[in-house]
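First the structure, in the form of structure tokens, and then the observations on it.
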Amino acid sequence: MSLLQPYFQQCATAFAPAFSISSPHSFYVSVSKRSFISCCTSQSQTALVNATIDGKIAERDEIRFGLPSKGRMAADSLDLLKDCQLSVKQVNPRQYVAQIPQISNVEVWFQRPKDIVRKLLSGDLDLGIVGLDTVSEYGQGNEDLIIVHDALEYGDCRLSLAIPKYGIFENINSLRELAGMPQWTTEKPLRVATGFTYLGPKFMQENGLRHVTFSTADGALEAAPAMGIADAILDLVSSGTTLKENNLKEIEGGVVLESQAVLVASRKALIQRKGALDTTHEILERFEAHLRALGQFTVTANMRGSSAEEVAERVLSQPSLAGLQGPTVCPVFCKHDGKVASNYFAIVICVPKKALYKSVQQLRAIGGSGVLISPLTYIFDEETPRWRELLSKLGI
């Protein structure tokens, strides 16, 4: 305990002003003793992390990639990697370390999402997949965290404020109306139950709610207002069904953050660790190519015509047949009476799933036949803009 005592003393001194409010414009925060110690520990860890950013990273040959260890985010992350031909090989499901055989210098470490962020900051991980909400809450704007890909298209949710539909909140439908309620004073603040003890106070302060107290609750936060231990909750919402079933409602202006899975990296690792930037480039390109191909199909058809230009003109006359950059038209050679001739042309286009049947109908209408359809796995385009943005962030 003596080793921790200096950190708690340092935190208590740093946080003292937050608990002694003299100005009416100050942001009022009240937390339990347990929460106070938790906040101090978090700030101490952040201070320690910030103190190491200027130093060099620990030397090791492998690149460590953090993945969520449990839940839907874990399963979806493994599925994404598998779809990108980067299957994770885990010999024993109880082990927390695995390999990606296609990239020999990468070690996969299964961790809790918040620990992935913390270990990216401490230098124990180099890359990771977590929700944007987790990066924002535990990264707290630290410049050593870089979002490499901000939309992996799963884990969609929003961090949102919810209040009861009944009682004093019955006619409250916006954050502005909530902030203007006369009930909230220094002696009787708005009580918010949440697990987001960084984003919550920050959001409230930025939106003019001065008299707010935050508490954490075990289990489902939706029960807190009904139990009388909170006036509102700040939690992740997907469909909103659970809120409705517990007589809670979201309010206008109450969304703190729209979140989904993101690929995040340590700035220090990308700059200093050998192979980290190249590996990140490969993973990013695979992700981009796969996500770009989702819901896209290759459509191939034969069409009789006098020339490739004449066939292309017919194809482009139909709005659903333009493809990504236009149709590919090439001759189909057949042998008639001992002579090779080209009376047909093959058309290849890329079509989104929602327009697939309409595209087939349009191909038939202009003389297409023998229509073949196959799903796309990758679309490798020009160098991804996200890669250029990453190099810019790194000053490269």
Side-chain angles (χ1 to χ4, degrees), residues 75-88 100-103 148-156 260-263 281-389:
D76 288 346
S77 297
L78 291 175
D79 287 343
L80 173 63
L81 288 164
K82 182 178 180 181
D83 290 340
C84 295
Q85 309 300 314
L86 295 174
S87 296
V88 175
I100 298 179
Q102 289 82 0
I103 309 178
V148 178
H149 197 300
D150 59 352
L152 296 181
E153 299 191 14
Y154 62 91
D156 297 77
Q260 63 175 300
V262 300
L263 176 64
H281 188 196
E282 179 176 349
I283 293 173
L284 176 61
E285 281 227 288
R286 286 176 181 259
F287 282 3
E288 289 271 72
H290 171 68
L291 293 173
R292 196 180 291 119
L294 283 179
Q296 298 283 344
F297 289 82
T298 298
V299 177
T300 304
N302 289 335
M303 188 177 299
R304 188 184 290 274
S306 58
S307 68
E309 289 77 10
E310 183 266 327
V311 170
E313 187 173 341
R314 265 191 284 161
V315 173
L316 290 172
S317 69
Q318 304 298 315
S320 295
L321 303 181
L324 292 177
Q325 295 174 328
T328 299
V329 181
C330 55
V332 176
F333 293 97
C334 302
K335 195 171 185 178
H336 293 287
D337 299 328
K339 295 182 179 180
V340 175
S342 176
N343 297 321
Y344 281 88
F345 291 83
I347 302 100
V348 182
I349 56 174
C350 183
V351 175
K353 184 177 181 179
K354 61 183 180 181
L356 185 59
Y357 184 66
K358 185 177 181 181
S359 299
V360 172
Q361 288 179 310
Q362 290 180 351
L363 276 171
R364 287 171 173 169
I366 59 175
S369 62
V371 181
L372 303 177
I373 298 171
S374 57
L376 284 171
T377 303
Y378 299 107
I379 299 177
F380 284 98
D381 208 340
E382 297 176 359
E383 190 69 83
T384 167
R386 286 188 173 92
W387 173 246
R388 293 194 293 269
E389 290 172 11

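Only a predicted model underlies this, so the values are computations on that prediction, with no experimental measurement involved. In what follows, residues are counted from 1 in the order of the sequence shown.
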Are [X] and [Y] packed together at the side-chain level, in the sense that at least one heavy-atom pair is separated by less than 4.5 angstrom?
X: Phe287; Y: Leu81; value: yes
X: Glu309; Y: Glu313; value: no
X: Met303; Y: Leu363; value: yes
X: Ile366; Y: Leu321; value: yes

So which atom in [X] and which in [Y] form the shortest heavy-atom distance, rounded to 0.1 Å?
X: Pro331; Y: Ser342; value: CB-OG, 3.1 Å
X: Ala346; Y: Val332; value: N-CG2, 3.5 Å
X: Val371; Y: Val299; value: CG1-CG1, 3.8 Å
X: Arg386; Y: Ala151; value: NH2-CB, 4.1 Å
X: Cys84; Y: Arg286; value: O-NH1, 2.8 Å
X: Ser320; Y: Val351; value: O-CG2, 4.3 Å

Is it true that atom CD of Gln102 has more than 12 heavy atoms of other residues, nucleotides or ligands lying nearer than 6.0 Å?
-> yes
Decide if atom CZ of Phe380 counts as having more than 12 heavy atoms of other residues, nucleotides or ligands within a radius under 6.0 Å.
-> yes
side-chain contact (heavy atoms from CB on, under 4.5 Å) partner of His149, the single match among Thr384, Ile283, Leu284, Val262 = Leu284
Taken to the nearest 0.5 Å, the spacing of Gln296 CD from Ile349 CD1 works out to 11.0 Å
What is the distance from atom CG of Leu80 to atom CG of Leu152, rounded to the nearest 0.5 Å?
->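 Leu80 CG to Leu152 CG: 6.0 Å, rounded to 0.5 Å.
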Please test Asp83 against Leu294 for side-chain contact (heavy atoms from CB on, under 4.5 Å), starting from the C-alpha separation and ending with a verdict.
-> CA-CA 10 Å; Asp83 290 340; Leu294 283 179; over 6 Å; no
Under 3.5 Å: donor-acceptor pair, side chain of Arg388, backbone of Glu383 | yes
Sidechain-backbone polar pair: Glu153 side chain, Leu291 backbone, donor-acceptor under 3.5 Å | no
Classify the ring geometry between His290 and Tyr378 as parallel (under 30°), tilted (30 to 60°) or perpendicular (over 60°).
->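 His290 and Tyr378: perpendicular rings.
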